[in-house]
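We're numbering straight along the sequence, starting at 1. Since the structure is predicted, the reported quantities are computational estimates derived from the model, not experimental observations.
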Amino acid sequence: MAPIRVVLLDIEGTVCPISFVKDVLFPYALEALPDTLKAKWDSPEFAPYRAAFPAEHAGSQESLAAHVRDLMSKDLKISYLKSLQGYLWETGYRNGELKAPLFLDVAPQLARWREHGGVKVMIYSSGSVPAQKLLFGHTNGEPSDILPWLSDFFDTVNAGPKQEKASYEKIAAKHQEYPIGEWLFLSDNVKEVEAAKQAGMQSYIIDRPGNAELSEEARQQHRVIKSFEEIGDL
């Protein structure tokens, strides 16, 4: 196998528990939404977020709020919703109400890869790039801000859907100095791992506490790890 020069990371279920998003971030956004709409509805700052919504939902605060609640109840990964969520979370991160609970092996291993192996670490998540940066800028570790350790960020807007081969090809094409076979993608999602492999990346499934149970077939077809420490030095 080719040496690994880039590690591409999913977020939910890979670097932090799925429960943080579903049980902390989502409720925070829903709670903050009504007051934010009331305070920011006509502000230039909020205008791009409002304008991104379909016209039939952007006409009133009530309609937009109802649409957001509907989308979030179905856990739909739509770009304009993700952008608004990032905007709502920003206040919580900056005032200390929100801190991303990274799995204990994540920060030490990222530092190790970066400092000793010269490996680039990048992020690919369905959450928007601004939301990704907020998360990694406000973790429960020391240092809290590990953004300087990360080289690039990808979401479904700038890269495409995570279960499509072409998205991984597009990501790798942005960094042509690293052949696609020298990329390692880590995710809890089997279909994402399969898409990355089809594109030519190396890819492992990470089996964290709280993640969906993996089938025997998935365990036989893919390398499954429980911690970044199992990868070791690169």
Side-chain angles (χ1 to χ4, degrees), residues 6-26 28-29 49 52 71-72 74-90 92-93 98-103 105-107 109-110 113 120-141 145-175 183-197 199 201-208 210-212 225 228:
V6 182
V7 177
L8 183 66
L9 298 173
D10 172 51
I11 294 180
E12 291 179 54
T14 298
V15 303
C16 72
I18 290 174
S19 59
F20 174 61
V21 176
K22 297 194 181 305
D23 298 341
V24 178
L25 290 184
F26 281 8
Y28 187 94
Y49 299 96
L71 294 177
M72 290 182 65
K74 298 170 181 173
D75 195 19
L76 296 178
K77 303 180 188 302
I78 297 173
S79 59
Y80 60 79
L81 172 66
K82 294 294 181 182
S83 295
L84 177 61
Q85 287 172 329
Y87 177 79
L88 295 169
W89 293 329
E90 184 172 0
Y93 279 115
L98 295 175
K99 284 188 179 294
L102 301 184
F103 290 113
D105 57 288
V106 172
Q109 197 63 44
L110 263 58
W113 288 336
K120 300 294 183 184
V121 179
M122 304 182 193
I123 306 300
Y124 181 27
S125 171
S126 58
S128 68
V129 168
Q132 294 173 29
K133 291 181 177 180
L134 283 170
L135 187 150
F136 286 104
H138 303 83
T139 76
N140 63 346
D145 180 2
I146 61 170
L147 278 176
W149 301 359
L150 305 172
S151 298
D152 210 345
F153 300 84
F154 299 93
D155 59 18
T156 55
V157 174
N158 66 8
K162 295 188 70 186
Q163 296 183 9
E164 293 187 6
K165 168 187 170 186
S167 302
Y168 298 87
E169 294 171 337
K170 186 174 182 179
I171 288 171
K174 186 181 174 188
H175 296 275
W183 291 62
L184 173 64
F185 176 59
L186 302 178
S187 174
D188 64 308
N189 188 296
V190 177
K191 290 184 178 179
E192 293 175 7
V193 166
E194 290 173 346
K197 282 185 168 183
M201 290 184 181
Q202 301 177 55
S203 188
Y204 307 156
I205 300 172
I206 186 148
D207 185 14
R208 298 287 199 182
N211 288 5
I225 61 172
F228 289 1

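The line from CG of L9 to OG of S125 is 10.5 Å long, rounded to the nearest 0.5 Å. Atom-to-atom distance recorded for I11:CD1 and L186:CG is 13.0 Å, nearest 0.5 angstrom. In this structure, the separation between CG on D155 and NZ on K82 is 10.5 Å, given to the nearest 0.5 Å. Atom NZ of K120 sits about 10.5 Å away from atom CG of D152, to the nearest 0.5 Å. Between L134 atom CG and L88 atom CG the span is 11.0 Å, to the nearest 0.5 Å. In this structure, I171 CD1 and M201 CE are separated by 5.5 Å, a value rounded to the nearest 0.5 Å.
Nearest heavy-atom pair across E192 and S187 is OE1-OG, 2.7 Å. Nearest heavy atom pair, residue F185 against residue V193, reads CE2-N, 4.3 Å. Residues L135 and A100 share a closest heavy-atom pair of CG-CB, 3.5 Å.
The closest donor-acceptor contact from the side chain of Y49 to the backbone of L81 lies at 3.5 Å or more, if one exists at all. Using modelled atom types, no side-chain atom of Q85 and backbone atom of F26 make a donor-acceptor pair closer than 3.5 Å. Listed for the W89 side chain is a donor-acceptor partner under 3.5 Å among the backbone atoms of L25. At distances below 3.5 Å, not a single donor-acceptor pair connects side-chain atoms of Y204 with backbone N or O atoms of I225. Using a distance-only test at 3.5 Å, with no hydrogens or angles considered, a donor-acceptor pair links the side chain of S167 to the main chain of P161.
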Would D10 and I206 satisfy side-chain contact (heavy atoms from CB on, under 4.5 Å), going step by step from the backbone distance to the final call? CA-CA 10 Å; D10 172 51; I206 186 148; over 6 Å; no
Under the ring pair (Phe, Tyr, Trp, His ring centres under 6.0 Å) criterion, do Y168 and W183 qualify, and how do the steps go? CA-CA 10 Å; Y168 298 87; W183 291 62; 9.6 Å; no
Go through M122 and V6 one step at a time and tell me if the side-chain contact (heavy atoms from CB on, under 4.5 Å) criterion holds. CA-CA 7 Å; M122 304 182 193; V6 182; 4.0 Å; yes
Stepwise, does the salt bridge (charged side-chain N to carboxylate O under 4.0 Å, His left out) test hold for D105 with R208? CA-CA 11 Å; D105 57 288; R208 298 287 199 182; 2.7 Å; yes
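Contact of the K133 side chain with the L150 side chain is not registered, since no non-hydrogen atoms from C-beta on lie closer than 4.5 Å. Annotation: side chain of K77 is in contact with side chain of D75 (closest heavy-atom distance under 4.5 Å). Within the 4.5 Å cutoff, side-chain heavy atoms of Q163 are placed close to those of N189. For the pair V106 and F228, the minimum side-chain heavy-atom distance is below 4.5 Å. Using a 4.5 Å heavy-atom cutoff, the side chains of P101 and P17 are in contact. Contact of the K174 side chain with the N158 side chain is not registered, since no non-hydrogen atoms from C-beta on lie closer than 4.5 Å.
Below 30°, between 30° and 60°, or above 60°: for F154 and Y124 the angle between ring planes is above 60°, a perpendicular geometry. Relative orientation of the F136 and F153 rings is tilted, given thresholds of 30° and 60° on the angle between their planes.
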